[in-house]
Amino acid sequence: MTWTSSMSSGYSSLEEEESEEFFFTARTSFFRRPPGKSRAAPQDVQKEREPHVYLSKEEVKEKIQSYNSSVTDKLKMTLNANGIYTGFIKVQMELCRPITVQSSQSQGRCAPSSQETAFYLPEGCVNTLHISSTNTVREVIEALLKKFFVADNPAKFALYKRCHKEDQVYTCKLSDREHPLYLRLVAGPRTEMLSFVLREHETGEVMWEAFSIPELQNFLRILDKEESDQLQLLKNRYAAYRGKLEEALRGVLKPG
């Protein structure tokens, strides 16, 4: 399985272990967003999961030929002699909460590392993965987190498919055993017909017991910084009001 990582789009490979990754802290609040404003994307409507239709080898071959004839970004599919096909999917990262990232030097250690840091992924982060028809949703999620050196439990995340129909945006949470490349093949290459989105599980309230101690400590540091920033903004606002009031008083008390 190979993949791309970028803030908009691009390509790299899981086999290229020396590739660099960049992370940026978000300027948005750590706290949960108000209902109805949790995501910047258009309002999604949950869609019932469609039944899986199994294709014969000949049908797969025909669909791949049709798919490749419609591709405009050179990300074509390839059918192997054993019937397994490979291709590309793009995954948009829509994460509301920060992720805990390990430095490359701390990989493989059993004990929690002091080099773990919490980051917000920037909005619009899209990753292009090169996968096979045998790769499942769970494997795709694990590959994404591994490439980003994310220490969070993969069970915290879910992969959704999103499609547009009649000016409405529909989303459906995919089961761990579904095969994203098959869905891409059936839908065709147009992202308007089908796109993939990685999100946290929609569990309502935050399940703090699911986070490790280093993660919680990082969250506290983020909260401390946000509190400090908000206090400074409040002080500046009142200082401006005070200055205007004092100026007005000087004008009233000025000897005529």
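Applying the salt bridge (charged side-chain N to carboxylate O under 4.0 Å, His left out) test to pairs two or more places apart or on separate chains, those with a residue in residues 60-81 are D73-K90. Within the structure, side chain to side chain donor-acceptor pair (under 3.5 Å) pairs that include any residue of residues 232-249 comprise Q232-N236 (at least two apart or interchain).
For I213, the CD1 atom is loosely surrounded, since the number of other residues' heavy atoms within 6.0 Å does not exceed 12.
Under the 4.5 Å side-chain criterion, counting only non-hydrogen atoms from C-beta, P98 is not in contact with N218. Using a 4.5 Å heavy-atom threshold, the side chains of V197 and T171 count as separate. When side chains are defined from C-beta on, V140 does not count as touching F196, because their heavy atoms never get closer than 4.5 Å. Between N135 and L181, every side-chain heavy-atom pair lies at or beyond the 4.5 Å cut-off. By the 4.5 Å heavy-atom criterion applied to side chains, N127 and L198 are not counted as neighbours. Contact check for Q168 versus Y170: side-chain heavy atoms found under the 4.5 Å cut-off. Residues Y85 and S133 meet the side-chain proximity criterion, which asks for heavy atoms closer than 4.5 Å. Taking 4.5 Å as the limit, every side-chain heavy atom of T136 sits out of range of all side-chain heavy atoms of D176.
Scanning both residues, F157 and I141, for their nearest heavy atoms gives O-CD1, 3.9 Å. The two atoms that bring M93 and L144 nearest to each other are SD-CD1, 4.4 Å, heavy atoms only. Taking all atoms of both residues into account, the shortest heavy-atom contact from P180 to I89 is CB-CD1, 3.8 Å. In terms of heavy-atom proximity, M193 sits nearest to C163 at O-CB, 3.0 Å.
Using a distance-only test at 3.5 Å, with no hydrogens or angles considered, a donor-acceptor pair links the side chain of N82 to the main chain of I84. The closest donor-acceptor contact from the side chain of T100 to the backbone of D152 lies at 3.5 Å or more, if one exists at all. Under a 3.5 Å cut-off, the side chain of R138 and the backbone N or O of P154 do form a donor-acceptor pair. In this structure, E200 contributes its side chain and R97 its backbone to a donor-acceptor pair below 3.5 Å. Within the 3.5 Å criterion, the main-chain N or O of L194 finds no donor-acceptor partner in the side chain of R190.
Here the straight-line distance linking atom CG of L216 with atom CZ of R221 works out to 11.0 Å at 0.5 Å rounding. Here CZ of R199 is found 5.0 Å from CD of E94. Values are rounded to the nearest 0.5 Å. Here the NE2-CZ distance, from H130 to F88, works out to 4.5 Å after rounding to the nearest 0.5 Å. Atom CD of E178 sits about 7.0 Å away from atom SG of C172, to the nearest 0.5 Å. For the atom pair CG of L95 and NZ of K156, the computed distance is 11.5 Å after rounding to the nearest 0.5 Å. The line from CG of N68 to OG1 of T78 is 7.0 Å long, rounded to the nearest 0.5 Å.
Clustering ILVMFWY residues whenever any of their side-chain heavy atoms sit less than 4.5 angstrom apart, transitively, puts I64 in the very cluster that holds L55.
When the side chain to side chain contact (heavy atoms under 4.5 Å, CB included) test is applied to D224, the partners found at least two apart in sequence or on another chain are E227.
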